[in-house]
Number of protein chains: 2
Amino acid sequence: MSRSAVSRTFTEGASVSPEVRRKVLKAAQELGYRVNRLAQGLNNASSNLVGVVGANLSLPFIAKQLDMLSLGLLRRGQQCLLLNAADARSDIAPLIELIFEFRARAIVVLSGEPPASIVDECLANGVKLIVINRLLERSDTDVILSDDILGATLAARRLTDARCRKVAVVTSGSGTPTQIRRAEAFGRIMKDDGIDVVGWHDGPTTYETGLKAARELLADPAIDGAFCVTDLMALGFLDAARHEMGRSVPDDLSVIGFDDIPQASWKSYELTTIAQSFEVLTEAVLAALDHADGQSVIQNVPVTLVERQTVRR
Amino acid sequence: MSRSAVSRTFTEGASVSPEVRRKVLKAAQELGYRVNRLAQGLNNASSNLVGVVGANLSLPFIAKQLDMLSLGLLRRGQQCLLLNAADARSDIAPLIELIFEFRARAIVVLSGEPPASIVDECLANGVKLIVINRLLERSDTDVILSDDILGATLAARRLTDARCRKVAVVTSGSGTPTQIRRAEAFGRIMKDDGIDVVGWHDGPTTYETGLKAARELLADPAIDGAFCVTDLMALGFLDAARHEMGRSVPDDLSVIGFDDIPQASWKSYELTTIAQSFEVLTEAVLAALDHADGQSVIQNVPVTLVERQTVRR
DNA sequence: TGCAATATTGCACACGTGTTCATTGCGGAC
DNA sequence: GTCCGCAATGAACACGTGTGCAATATTGCA
């Protein structure tokens, strides 16, 4: 009969007699009553929303992350408040402010770089901040990183095994930390091996950028290998190499990518690439949500070489 | 000084003296104060959240829709509560219940079919329900549909122009209304023209299903045309046709898809397809959000034939 | 039956808004 | 000097929870 009875009926483990419980449920059914999550959040000073910030949600790599993350959150009983940052370079601070206003438990950043002031605010308000594949030089944030150094090493070793003489490294012009780490590590190793490396970077992280890279780089007939730090660019690179620049892959050109997006295994490409496990990555994010407030971790997601058909044996 | 002053400071068009306003803003800055959207929503009996239900968010077609929709919502000052339905066949009713609990203004359904009881509840609570590319036989819901009949007609006409004699229609086994409408309309037209049509359906709406379709259908050497009701399946179909079944496209096999996903224009495919404008589709959804409560509309999103390289001239 | 222990229940409060209402202060017009 | 209009401001309320506290009903035990 009292409002407390209602609350207790819908609260796990509260003390209600079976009879009252039954009456409440029946009344709720008739009146179309539903718990109000806004009021719950107001009362607890925290909703169980998790803010997710991302840009270019239709790119395969991001879309896959978002798919698995939103599913994982839902399974854990948390809801996903999705904010689209529109552009990889756009300022995500206002979006994070918005998430604060919803009293979210945690914030996951897939794109863009949260400014230091925001990081401080998260810390002050007890909001978990988790960034994926972007390097924050702070020890008070959870950072999930693909093992870029290992990945670059695997790629480099594979291209030297294929006896490449002059290789290109293709990055986008966006200059995300992950891409730079991959490219730099790769360049260092190759130079140590005494192999010519030519860097290239321009444009957004898209298929079209890969096309452009191949058109410009393959004007040099000496180039016989390429490491594209993103599968999407690798696929564009492959297409331009084969259909416009007349190269035969893998016979006179070896190409290797990074991420292992679904399209990489399509029959027209069979791209050899460095795979990050989306499962492990998602698990790492979900695990980070459970960390205590002070505890923050930099976690490396393991990578493996997936051997397909674009590198000479 | 009073709490009212704070509220007025952050409310557009409220009556506050510049001095008080300045003081409040300064204090807010120092204390890290932020408006609490949960309390706002509680007070208004409605948050400005929009619930979005979708499955398989990493499929290009869905991902693109979600990308544009979330961006459009954000630009309109509404937030996107994303619920991942995991599977195209899974029951979305509990997810919609969850959205109700957040007192969302509107619900957008990208996957699955909301049961009638849910539709009634939306109507009763004044929650706008918008379904995309699934046919609800009710006049009280906003339905955004691609013009499947026109699309099927364009595809049929193009394949007859290419002088195909025996054509296949490929659908997934999920049996979504849109796919069925496309396939049925296409089949009807072809039969009217006296052309042999063989239907095929199986599996989920994926690239792999397209592969399987080609492997099974192209065992029949007479088949010289195919309409895949989804680009993703069309790309799989193309790959198996070319690389496994030894067909030359478009010389002895013409293939046409539907949706115009980004990958359709990649150099390895150059898929001729029926394009739905993602811009128009998104605009239609956003416009539907503004409809008055009673007013609901079935809107057809126009389609066009995009001529590329997979149908014989 | 009597008493203690336990389960159930109602009341009151706090959470942070936006808004209505009444009050106050002020400037200008007569 | 008085009165009117207007802007500014504070007090109070309602929104729907979950919970601490006190009161009451029920059970177990001697």
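Quick note on labels: first sequence line is chain A, next is B, and so on, each numbered from 1.
Around CZ of A:R134, the count of heavy atoms belonging to other residues, nucleotides or ligands within 6.0 Å exceeds 12. Annotation for B:R76: atom CZ counts as buried by contact number, over 12 foreign heavy atoms lying within 6.0 Å.
Regarding A:E19, its CD atom lies at a distance of 12 Å from the C1' atom of C:dT9, rounded to whole Å. Following rounding to the nearest Å, A:K23 (NZ) and C:dT8 (C1') show an atom-to-atom distance of 13 Å. Note: CZ (B:R21) to P (D:dA7) measures 16 Å, nearest angstrom.
A heavy-atom distance below 4.5 Å is found between the side chains of B:N48 and B:R37.
With rounding to the nearest 0.5 angstrom, the CG atom of B:L81 is 9.0 Å from the CZ atom of A:F102. To the nearest 0.5 Å, atoms NZ (B:K128) and CG (B:D290) are separated by 9.5 Å.
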Exercise for review: Report, as a single string ordered 5' to 3', how protein heavy atoms within less than 4.0 Å touch nucleotides 11-18 of chain D: B base, S sugar-phosphate only, - not at all.
Suggested key: BB-BBBBB
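In this structure A:V6 satisfies the side-chain contact (heavy atoms from CB on, under 4.5 Å) test together with A:F10, A:V24, A:Y33, sequence neighbours excluded.
Across all strands shown, B:S17 has heavy atoms under 4.0 Å from sugar-phosphate atoms exclusively, and none from any base.
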